[in-house]
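Below is one structure, written out as structure tokens, with a few remarks after it.
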Number of protein chains: 2
Amino acid sequence: MKVLNLMESVVSEVLDVQMNHLQMNCTCEQCKNDVLAIALNALPTRYVSSTRGQTIQRAKLMDEQTLADVLREISKAAAIVSNKPSHT
Amino acid sequence: MKVLNLMESVVSEVLDVQMNHLQMNCTCEQCKNDVLAIALNALPTRYVSSTRGQTIQRAKLMDEQTLADVLREISKAAAIVSNKPSHT
């Protein structure tokens, strides 16, 4: 393990759960990854450099405010990607 | 490829180049990863979701201001880790 941004797995999981509610025109893997990248670029990072701190840090990330922020950024990113997908 | 934060490779490369100038008490892999994580948590993300945009985005990251920011955050992180290493 070099370093890991815990926010990646949190956003990825929320995206999987919310996918059907986002009403995206296309739900292919590329569109999902585009939403993930756009949302992650709008959210704070939470890098860890050891597995030791990982579980505690991850639990901290699952608080209401963070999840609300993640959902907001995923919804905004989904609208952007739906409106202008990166593939033709 | 799911998503990739280009800032990770930029910070990692600058850290490798600067390692000997940072005068850290310990330069083990854990201390290097700790510096990387602390610096990345203080820098903006640059996630990409396809290899297509990766080269262009990465070139944009190598501008003077970004490299100056990276060097500043690496120096601050090195001082924190040197002062209080996460291993005994």
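None of these values were measured; they are calculated from a predicted model. Below, read A as the first sequence line, B as the second, and so on, with proteins coming before strands; counting in each chain starts at 1.
The two residues A/L40 and B/T45 make their nearest non-hydrogen contact at O-OG1, 3.5 Å. Closest of all the heavy-atom pairs between A/V48 and B/A37 is C-CB, 4.2 Å. A pairwise comparison of heavy atoms in B/Y47 and A/N41 identifies N-OD1, 2.6 Å as the closest pair.
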Can I get a per-line list of side-chain donor-acceptor pairs under 3.5 Å for residues 22-30 of chain A, giving both atom names and the distance, sequence neighbours left out?
residue	atom	partner	partner atom	Å
A/N25	ND2	A/S82	O	3.1
A/Q30	NE2	A/D34	OD1	2.7
A/Q30	NE2	B/S49	O	3.2

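Residues forming a side chain to side chain contact (heavy atoms under 4.5 Å, CB included) with A/I80 (at least two apart in sequence, or on another chain): A/I38.
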